[in-house]
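Worth knowing before you read on, the calculation uses all heavy atoms, side chains too, and leaves out hydrogens, waters and symmetry mates. Quick note on labels: first sequence line is chain A, next is B, and so on, each numbered from 1.
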Amino acid sequence: MPELPEVEGVVQALKPKMEGRTIQQVQLSEVIRFSFGEGKQCIVKQAEPDAFEMSLTQMTITKIERRAKYIFFHMRKENVPYVLVSHLGMTGAWFVVNSPEEINEAKFQKHIHATFKMADGGFLIYSDIRRFGELRFLEKIEDHTPLTKMAPEPFDEIACDYFIAQSKLPKYENKSVKEVIMDGQVISGCGNIYATEALFAQKIHPARKMNRISEKRKRALFEAIVTVLRQSINAGGSTISDYRNINGEAGSMQNRLQMYGKKMCPVCDTATSQMTIGGRTSVFCPNCQH
DNA sequence: GCGAGTTACCGGTGGC
DNA sequence: TGCCACCGGTAACTC
């Protein structure tokens, strides 16, 4: 499950290997083609498979950057800029290899969905087991509304004030804190794992209503989120089930998690509780978090 | 036009 | 061994 720190790791690894290179040929999987024929948008969004392949052919990757949990591949063809937006969903992974056979994990090998053959040799490959990821080819970011509504990067100095302001809006003030901090229009890139960790660190119950938290506590919570995201980036991300970096390696943050996926509270040894908030599983310590 | 709520997208995993 | 419910980030759709 790649979250912001995992995506950051992917981007940092992709940058030196892919920036400046030109795509010679693109090939989408049969699954994508078949799904499109069925009227579905499997991985490739708002484009016909043929048109998507053609659009990216002869495109030069100028810059790769992360925004929330999205990867932006900025590109250029005949001096016109474009961008390929990638989201890894639950199980997406990028690989930079000399040949597709180099992907040695069977389940990633089996679910290769986009193969980019580079003009100077080698391949950039997108694999996605559960196909929750997306590839979206745009002329500019503004062409896709959800991307324009995203909160600032959590490391941006205005991000905390932005969070405070958003949290006071009518549509958020009566919601649970966990739902609000996981909303990309409030804080960007805070998924279930890191929301769970930050709430535990601040001893806040995930179901507590936003308007029952003081501004001081909200600021402390925001800092806790930033801290846990930074820690995880430094640890190479959390490898929960299927995350791999572009070399197929796992991260180590999962070993440092205090609450996500835990049966016992590491502070007071009470059995943890679980409830569904905003449709997502939430783990917390009923003794420590109020 | 906007917001709230619902559905779609999936295969690996683990429990029985 | 085999079946089946469960899981989840985001967009798109409906109301």
Enquirer: Would you mind reading off the distance between A:F108 atom CZ and B:dG11 atom P, rounded to a whole angstrom?
Expert: 15 Å
Enquirer: For the helix from B:dG3-C:dC15 to B:dC16-C:dG2, measure the angle between the helix axis at one end and the axis at the other, each built from five pairs, rounding to 10°.
Expert: 40°
Enquirer: Taking NZ, NE, NH1 and NH2 as the nitrogens, is one of them in A:R131 or A:D128 under 4.0 Å from a carboxylate oxygen of the other?
Expert: no
Enquirer: It should be established whether A:H87 places a side-chain nitrogen or oxygen under 4.0 Å from OP1 or OP2 of nucleotide C:dA11.
Expert: no
Enquirer: So does A:R130 reach the base of B:dC9 with its side chain, donor to acceptor, closer than 3.5 Å?
Expert: no
Enquirer: If you only use heavy atoms from C-beta on, which nucleotide in C:dT10, C:dA12, B:dG3 is closest to the side chain of A:Y70?
Expert: C:dT10
Enquirer: Between A:L135 (CG) and B:dC9 (P), how many Å, whole number?
Expert: 18 Å
Enquirer: For atom NZ of A:K15, decide whether the heavy atoms of other residues, nucleotides or ligands shown that lie under 6.0 angstrom number more than 12.
Expert: yes
Enquirer: Just how far, in rounded Å, is C1' of B:dC9 from CD1 of A:I129?
Expert: 15 Å
Enquirer: Identify, between A:K110 and A:K40, the residue whose nearest nucleotide on DNA chain B lies closer to the 5' end.
Expert: A:K40
Enquirer: Is the shortest distance from a Lys or Arg side-chain nitrogen in A:E223 or A:R219 to a carboxylate oxygen in the other one below 4.0 Å?
Expert: no
Enquirer: Could you tell me how far apart A:L88 (CG) and C:dT10 (C1') are, to the nearest whole angstrom?
Expert: 13 Å
Enquirer: Would you mind classifying the nucleic acid contact of A:Q41 as base, sugar-phosphate or nothing, using non-hydrogen atoms under 4.0 angstrom?
Expert: nothing
Enquirer: Expressed in angstrom and rounded to an integer, what is the separation of A:E38 atom CD from B:dA8 atom P?
Expert: 15 Å
Enquirer: Give the nucleotide from the list C:dC7, C:dG9, B:dG3 with an atom nearest to the side chain of A:T281.
Expert: C:dC7
Enquirer: Under 6.0 Å from the CZ atom of A:R212, do we count more than 12 heavy atoms belonging to anything else shown?
Expert: no
Enquirer: Between P on C:dC7 and CD on A:E3, what's the gap in Å once rounded to a whole number?
Expert: 17 Å
Enquirer: Is the closest side-chain donor-acceptor distance between A:Y126 and A:S86 under 3.5 Å?
Expert: no
Enquirer: Hey, is the side chain of A:R136 poking within less than 4.0 Å of OP1 or OP2 on C:dA12, counting only N and O atoms?
Expert: yes
Enquirer: Ring centres within less than 5.5 Å and planes less than 30° apart: is that true of A:F132 and C:dT10 in this structure?
Expert: no
Enquirer: Taking CZ in A:F155 as the centre, count heavy atoms belonging to other residues, nucleotides or ligands within less than 6.0 Å. Is the count above 12?
Expert: yes
Enquirer: For the side chain of A:R131, counting heavy atoms from C-beta on, which of C:dA12, C:dC7, B:dG11 is nearest?
Expert: B:dG11
Enquirer: Out of B:dG3, C:dT10, C:dA11, which nucleotide sits closest to the side chain of A:K69?
Expert: C:dT10
Enquirer: Taking atom CD as the centre, does A:E65 end up with more than 12 heavy-atom neighbours from other residues, nucleotides or ligands that are less than 6.0 angstrom away?
Expert: yes
Enquirer: Rounded to whole angstroms, how far apart are CD on A:Q274 and C1' on C:dC6?
Expert: 12 Å
Enquirer: Quick one: is A:Q46 getting a side-chain N or O under 4.0 Å of the C:dA12 phosphate, OP1 or OP2?
Expert: yes
Enquirer: As a quick check of understanding, evaluate side chain to side chain donor-acceptor pair (under 3.5 Å) for A:S232 and A:Y194, giving each step before the final call.
Expert: CA-CA 9 Å; A:S232 183; A:Y194 302 106; 2.6 Å; yes
Enquirer: Counting only side-chain heavy atoms from C-beta out, which of B:dC10, B:dG11, C:dA11 sits nearest to A:H111?
Expert: B:dG11
Enquirer: What is the distance, rounded to the nearest whole Å, between atom OH of A:Y194 and atom P of C:dG9?
Expert: 12 Å
